[in-house]
Visitor: 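Structure provided below as structure tokens; questions to follow.
Hydrogens, waters and symmetry mates play no part in the numbers below; they use all other heavy atoms, side chains included.
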Amino acid sequence: LCFRDRLTGIAAQVSVPVTYVKPHGALGNLAARDRDVADAIVAAVQKIDLKLAILAISGTQSEHAARAANVPVFSEIFADRGYLSSGQLVPRNQDGAMIHDAADAADRLVAFLKTGLMPVIDGDPIKLDAQSICVHGDSAGAVEMAREIHARLTAQGIQIARFTGT
């Protein structure tokens, strides 16, 4: 069986359709800055299923490539990562890459959702779109951070909902 068949088979066993692809980690960061890589990912996703959406880091080459190919795209921001003025995430080996304090992350998200502007470590805030907010589950305190963010956003009247699928 090919990867697609394995993935959709596993998803079918738990009655969850596959509705989007998220290039993650090093591949996601590479595609965020390299249009050729982003275009290749979009082309590969289209070969799997023309209805699949791309979940792309907001404002990056991944998002631009999906939009240029008329592929459904959802823009993602990160609650627990710092940003550069280029729209890229701060590399993990640099100061400001990770946000560890749940209250700080929640404050930043509430301000972002009110203004559309994301603070950066090297300049003025930048405009981003967001249909998805990521909290890295492998980070210490991730569950606490997700709970704090959920509580703060709902207290502000911000409705949290799925961005795609059923």
Visitor: Report yes or no: do Ile57 and Leu84 belong to one cluster of Ile/Leu/Val/Met/Phe/Trp/Tyr joined by side chain heavy-atom distances under 4.5 Å?
Guide: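 No; tracing contacts between hydrophobic side chains, which count when under 4.5 Å, never links both residues.
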
Visitor: Considering non-hydrogen atoms only, spot the tightest contact between Asp80 and Cys134 and give its length.
Guide: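 Looking at all heavy atoms of both residues, the shortest contact is OD1-O, 3.8 Å.
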
Visitor: Check Gly96 against Ile121 and note the closest heavy-atom contact, atom names and distance.
Guide: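 Heavy atoms of Gly96 and Ile121 come nearest at O-CG2, 4.3 Å.
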
Visitor: Do Met98 and Arg81 touch side chain to side chain, with heavy atoms closer than 4.5 Å?
Guide: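 SC-SC contact between Met98 and Arg81 confirmed.
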
Visitor: Measure across Ser85 and Asp122 and return the closest heavy-atom pair with its distance rounded to 0.1 Å.
Guide: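 Answer, listing the atom of Ser85 first, then Asp122: N-OD1, 2.6 Å.
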
Visitor: Counting only heavy atoms not in His136, do more than 12 sit closer than 6.0 Å to its NE2 atom?
Guide: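 Atom NE2 in His136 is packed in, count exceeds 12.
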
Visitor: So, for Val18 and Ala11, which heavy atoms are closest and what is the spacing to 0.1 Å?
Guide: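 The answer is CG2-CB, 3.7 Å.
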
Visitor: Is there a path of hydrophobic side-chain contacts, each under 4.5 Å between heavy atoms of I/L/V/M/F/W/Y residues, joining Phe74 to Leu153?
Guide: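 In one cluster: no.
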
Visitor: Linking I/L/V/M/F/W/Y whenever any side-chain heavy atoms sit under 4.5 Å apart, do Ile158 and Met118 land together?
Guide: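 Both belong to a single hydrophobic cluster.
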
Visitor: Parallel, tilted or perpendicular: which one describes the rings of Phe78 and Tyr83, with boundaries at 30° and 60°?
Guide: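 Geometry flag for Tyr83 against Phe78: tilted rings.
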
Visitor: In chain order, what residues pass the side-chain hydrogen bond (donor to acceptor under 3.5 Å, both in side chains) check against Glu63, with sequence neighbours excluded?
Guide: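 Checked Glu63 against side-chain hydrogen bond (donor to acceptor under 3.5 Å, both in side chains); matches are Arg67, Ser75.
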
Visitor: Count the heavy atoms belonging to other residues, nucleotides or ligands that lie under 6.0 Å from NE2 of His150, then report whether that count exceeds 12.
Guide: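 Result for NE2/His150: open.
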
Visitor: Can you give me the closest heavy-atom contact between Met145 and Val135, atom names plus distance?
Guide: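 Taking Met145 first and Val135 second, the nearest heavy atoms are SD-CG1, 4.1 Å.
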
Visitor: Not counting sequence neighbours, list each pair that qualifies as a side-chain hydrogen bond (donor to acceptor under 3.5 Å, both in side chains) and has a residue in residues 94-110.
Guide: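 Listed once each, the pairs are Asp107-Arg152.
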
Visitor: Give every donor-acceptor pair under 3.5 Å between a side-chain atom in residues 30-42 and any protein atom, sequence neighbours left out.
Guide:
from, atom 1, to, atom 2, distance (Å)
Arg33, NH1, Asn29, O, 3.2
Asp34, OD1, Asp36, N, 2.9
Asp34, OD1, Val37, N, 3.2
Arg35, NE, Asp39, OD1, 2.9

Visitor: Are Phe112 and Leu89 linked, directly or through other ILVMFWY residues, by side chains that come within less than 4.5 angstrom of each other?
Guide: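 Linked within one cluster.
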
Visitor: Mind listing the closest non-hydrogen atom pair of Ile149 and Ala105 along with its distance?
Guide: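 It is CD1-CB, 4.3 Å.
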
